[in-house]
Protein chains: 4
Amino acid sequence: MGEDKKDNLIQAALMLFEEQGYHTTKISDIVREAGVAQGTFYLYFKSKEDMFRSIAEACLEEIVVALQQGGVSKDTDEQKDYLMIRRALEVYHENKTILKIINRHGVGSQEIAGVSEAFYQQIMMVIKQALRDEAMYANYSEDQLEIIAFSKIGMVEMVAYQWFVVKNCGSETINALAQIIVGDLGPCKFKAME
Amino acid sequence: MGEDKKDNLIQAALMLFEEQGYHTTKISDIVREAGVAQGTFYLYFKSKEDMFRSIAEACLEEIVVALQQGGVSKDTDEQKDYLMIRRALEVYHENKTILKIINRHGVGSQEIAGVSEAFYQQIMMVIKQALRDEAMYANYSEDQLEIIAFSKIGMVEMVAYQWFVVKNCGSETINALAQIIVGDLGPCKFKAME
Amino acid sequence: MGEDKKDNLIQAALMLFEEQGYHTTKISDIVREAGVAQGTFYLYFKSKEDMFRSIAEACLEEIVVALQQGGVSKDTDEQKDYLMIRRALEVYHENKTILKIINRHGVGSQEIAGVSEAFYQQIMMVIKQALRDEAMYANYSEDQLEIIAFSKIGMVEMVAYQWFVVKNCGSETINALAQIIVGDLGPCKFKAME
Amino acid sequence: MGEDKKDNLIQAALMLFEEQGYHTTKISDIVREAGVAQGTFYLYFKSKEDMFRSIAEACLEEIVVALQQGGVSKDTDEQKDYLMIRRALEVYHENKTILKIINRHGVGSQEIAGVSEAFYQQIMMVIKQALRDEAMYANYSEDQLEIIAFSKIGMVEMVAYQWFVVKNCGSETINALAQIIVGDLGPCKFKAME
DNA sequence: TATGAATGAGAATTCATTCAT
DNA sequence: CATGAATGAATTCTCATTCAT
């Protein structure tokens with residue numbers, strides 16, 4: 001029953017953060033939306049920032065886990081690449097709320113910037129690991145793989161942001177997006193050579 | 001002499017926004033840093049948000065212009081790609097302050113979000129235009145080019161953010177970064193096919 | 001068993017009031033220290049102020065009673081004086097907790113100020129009564145005796161506060177303090193005349 | 001003109017603290033009484049406690065200075081004693097506001113307790129110095145003089161509090177009070193011997 | 001232009017008290 | 001008797017903005 005209210009608060013906060021941004025949303029808005037008293041907020045969170053940090057940590061952790069469970073296939077590099085990108089787009093689509101909150105409205109707090117930085121380090125590691133299994137990157141150094149990993153993350157994140165958040169497209173666009181993104185790399189290997 | 005003070009205010013604001021973010025920085029901080037009186041701020045800017053919007057607009061416009069002046073070469077597609085990426089990295093490096101302000105600290109105001117959104121539309125158009133000149137993308141549709149354009153923007157921005165802001169690397173890393181990023185596309189086209 | 005909890009609450013409260021004062025101490029601190037639930041507090045006390053008043057009343061009453069049981073000797077005036085002062089110092093030493101709470105941290109509530117005022121009236125009456133038995137004050141008026149009584153109370157209280165609370169001295173200092181205080185009166189009566 | 005408002009705030013605060021106590025008085029009460037805006041308070045003081053500390057420091061310092069300027073006479077010990085006591089009563093009478101605030105309502109803050117403790121140390125030193133000039137205390141040790149000093153302070157403070165604050169008597173009572181208090185020491189030297 | 005004291009609406013936070021279990 | 005989650009009124013404090021000089 002207690003966790004009930006905490007969950008109400010989190011849901012209300014996520015909705016409001018997404019709608020009007022983190023800074024615009026007041027604690028009084030959150031509690032009103034959640035249907036609890038002002039003081040109840042402080043029963044579960046030390047402050048608005050503390051609340052956001054804990055929500056963000058949970059959401060970003062979910063993304064990392066979802067990405068890790070991605071591709072264990074034994075296909076060609078092109079197929080691996082395609083699956084990885086598609087998987088990443090799917091995950092970002094499912095988590096577009098937090099993506100929107102962090103990218104559009106920003107948060108602006110050293111502590112939360114830390115959470116975000118740690119998140120990128122984690123997914124970079126996941127991607128780097130996946131790249132090591134591709135023949136194409138066989139003789140790339142660790143540093144070079146890191147550059148590739150981050151460039152892929154940026155690619156997916158920007159496309160996901162523009163299509164899922166700005167244009168508000170649904171999951172049916174994922175395949176098309178993934179094909180074009182990968183096609184920019186993959187197809188060239190044979191089509192462009194013809 | 002008046003413009004002097006305005007410039008002081010802008011420099012002070014940029015420095016503080018970069019250090020502590022837009023929301024944490026108070027007008028009183030800015031005027032203290034700029035060495036002018038509290039009221040003087042309002043001789044040059046309508047409000048704090050107005051100031052930030054005008055600074056952001058100017059910085060982002062600079063980036064757009066710089067990018068536009070980029071590739072007028074008549075080289076091969078690979079060379080064009082490499083030059084475009086390197087140019088973009090250079091521009092982001094020169095403007096890493098605004099990159100840091102917007103990416104790390106966020107913006108957090110609907111009106112400024114508009115500035116940022118317009119910025120991305122503009123550079124997307126610039127990139128799309130450039131891509132049209134590449135033989136490789138000859139039979140891509142407008143929508144497909146837009147996807148490619150945004151994925152390139154995301155790629156460069158993320159790498160620039162991680163290396164120039166997070167790792168705080170200097171401009172001497174630009175070539176290496178550009179080569180790897182493009183190599184992820186380029187080499188495959190001929191080397192990987194051997 | 002119920003009284004057990006009430007006593008726990010009182011002990012916890014006294015400890016915390018002494019340490020950090022009445023206003024700084026929260027009900028939540030008291031119940032945590034006492035090891036009971038928040039609501040339990042209100043089974044035994046109407047409010048925080050009610051609790052403090054009842055504790056203060058009890059403590060101060062103890063002091064009054066202890067003082068009353070003091071001097072029933074039939075010695076000389078000097079001896080009576082010395083015994084009275086020493087007795088008072090002893091009583092204050094035993095009750096230095098409440099002394100510290102009221103003097104150092106203050107009370108800060110009209111209703112409790114009443115308790116304190118009544119306390120001083122009572123001990124003043126006790127002292128005045130004792131003074132009446134001393135030949136020295138035979139022809140002092142009631143008002144004059146009241147002045148003497150209060151001055152003696154102030155004297156003892158200040159010395160007790162400075163030595164037992166501020167300097168945190170133990171009961172072994174009582175004799176020395178009493179001798180000096182009385183000596184300031186006593187010796188003059190005969191020694192200084194020689 | 002700025003100091004004007006600061007002074008208004010101090011006067012309003014002193015009045016309210018005296019009337020209803022430190023804790024009961026809200027900052028909103030103070031600013032209303034002073035006729036300034038809520039924010040103006042924070043232009044001059046960091047907090048209510050900060051304000052009170054600065055006021056208390058000033059008032060108590062005044063008392064110390066007033067006491068120091070007291071008796072430089074070359075009279076007999078009895079006369080010195082009487083003058084010292086009367087002087088102290090006068091000073092306390094003039095400063096009965098702060099006396100009332102600190103003694104009746106209490107303050108309850110470690111930092112302010114420090115101010116009060118320092119105050120007592122200072123006046124103790126002043127009194128001790130004065131006592132050294134009296135033949136009567138010629139062969140008292142420092143420690144013994146300290147006891148005497150504090151007992152005199154307690155005496156005067158309690159009497160002042162009871163007569164000036166509780167009974168609200170005017171300055172015309174000072175002589176009578178001083179005579180009785182000193183008489184308790186002085187007169188005995190000859191009258192009681194008869 | 002330039003100043004900076006003053007403003008006051010608005011937000012965060014606290015904590016004594018209640019009450020359903 | 002005992003609990004402890006929930007309450008919400010009350011207070012402090014912030015800071016962008018104004019305006020008389």
Side-chain angles (χ1 to χ4, degrees), chain A residues 1-6 8-9 23-32 34-51, chain B residues 1-6 9 23-32 34-51, chain C residues 1-6 23-32 34-51, chain D residues 1-6 8-9 23-32 34-50:
Chain A
M1 178 153 285
E3 286 308 289
D4 222 14
K5 306 229 175 217
K6 180 175 183 177
N8 282 354
L9 283 166
H23 283 100
T24 316
T25 302
K26 308 301 165 202
I27 292 188
S28 56
D29 298 333
I30 299 175
V31 295
R32 193 184 320 111
V36 304
Q38 190 87 359
T40 305
F41 182 93
Y42 294 92
L43 228 47
Y44 298 106
F45 306 102
K46 277 212 303 289
S47 64
K48 193 171 69 161
E49 174 170 333
D50 174 66
M51 171 192 231
Chain B
M1 176 156 283
E3 285 307 289
D4 217 20
K5 293 194 191 270
K6 181 173 184 178
L9 283 167
H23 281 98
T24 315
T25 302
K26 297 170 229 159
I27 303 268
S28 57
D29 295 335
I30 298 174
V31 295
R32 192 183 321 112
V36 304
Q38 191 90 353
T40 305
F41 181 93
Y42 293 89
L43 293 177
Y44 300 105
F45 306 99
K46 243 181 43 243
S47 66
K48 184 180 160 187
E49 181 172 320
D50 174 67
M51 172 195 228
Chain C
M1 179 159 280
E3 285 307 292
D4 217 18
K5 293 190 190 275
K6 181 171 183 178
H23 281 98
T24 315
T25 302
K26 299 169 229 159
I27 302 270
S28 58
D29 294 335
I30 299 174
V31 295
R32 190 183 325 110
V36 303
Q38 191 91 353
T40 305
F41 182 93
Y42 293 89
L43 293 176
Y44 299 106
F45 305 100
K46 245 182 38 247
S47 66
K48 185 179 157 187
E49 181 171 321
D50 172 67
M51 173 196 226
Chain D
M1 178 158 282
E3 288 305 291
D4 220 15
K5 307 231 176 214
K6 181 174 182 179
N8 282 354
L9 283 166
H23 284 100
T24 315
T25 302
K26 308 303 166 200
I27 292 188
S28 55
D29 298 333
I30 298 173
V31 294
R32 192 183 322 111
V36 303
Q38 191 86 3
T40 305
F41 182 92
Y42 295 93
L43 228 48
Y44 299 106
F45 306 101
K46 276 211 308 288
S47 64
K48 193 172 69 162
E49 175 170 332
D50 174 66

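A note on names: the letters A, B, ... follow the listed sequences, proteins ahead of strands, and every chain is numbered from 1.
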Rounded off to whole Å, could you give me the [atom1]-to-[atom2] distance for the [X] and [N] pair?
{"X": "A:K5", "N": "F:dG4", "atom1": "NZ", "atom2": "C1'", "result": "13 Å"}
{"X": "D:L9", "N": "E:dA6", "atom1": "CG", "atom2": "C1'", "result": "12 Å"}
{"X": "D:N8", "N": "E:dA5", "atom1": "CG", "atom2": "P", "result": "16 Å"}
{"X": "A:K6", "N": "F:dG4", "atom1": "NZ", "atom2": "P", "result": "18 Å"}

Would you mind building the protein contact string for nucleotides 12-21 of chain E? One character per nucleotide, 5' to 3', B for base within reach (heavy atoms under 4.0 Å), S for sugar-phosphate only, - for untouched. SBBSSBB---
Where each pair must be Watson-Crick or G-U wobble with both distances under 3.5 Å, what dot-bracket representation of DNA chain F is obtained, with crossing pairs in [ ] and other-strand partners as |? .||||||||||||||||||||
Of all heavy-atom pairs linking A:H23 and A:K48, the shortest is O-NZ, 3.8 Å
Between D:I30 and D:L9, what is the shortest heavy-atom contact and its length? CG2-O, 3.7 Å
So, is A:Y44 close to the F:dA5 phosphate, meaning a side-chain N or O under 4.0 Å from OP1 or OP2? no
How many angstroms lie between atom [atom1] of [X] and atom [atom2] of [Y], to the nearest 0.5 angstrom?
{"X": "D:L43", "Y": "D:K6", "atom1": "CG", "atom2": "NZ", "answer": "10.5 Å"}
{"X": "C:D50", "Y": "C:F41", "atom1": "CG", "atom2": "CZ", "answer": "7.5 Å"}
{"X": "C:Q38", "Y": "C:R32", "atom1": "CD", "atom2": "CZ", "answer": "9.0 Å"}

Under 4.0 Å, heavy atoms only, any strand: does D:V36 hit a base, just the sugar-phosphate, or nothing? sugar-phosphate
Checking F:dT7, E:dT7, F:dT3 against the side chain of D:L43 (C-beta onward), the nearest is E:dT7
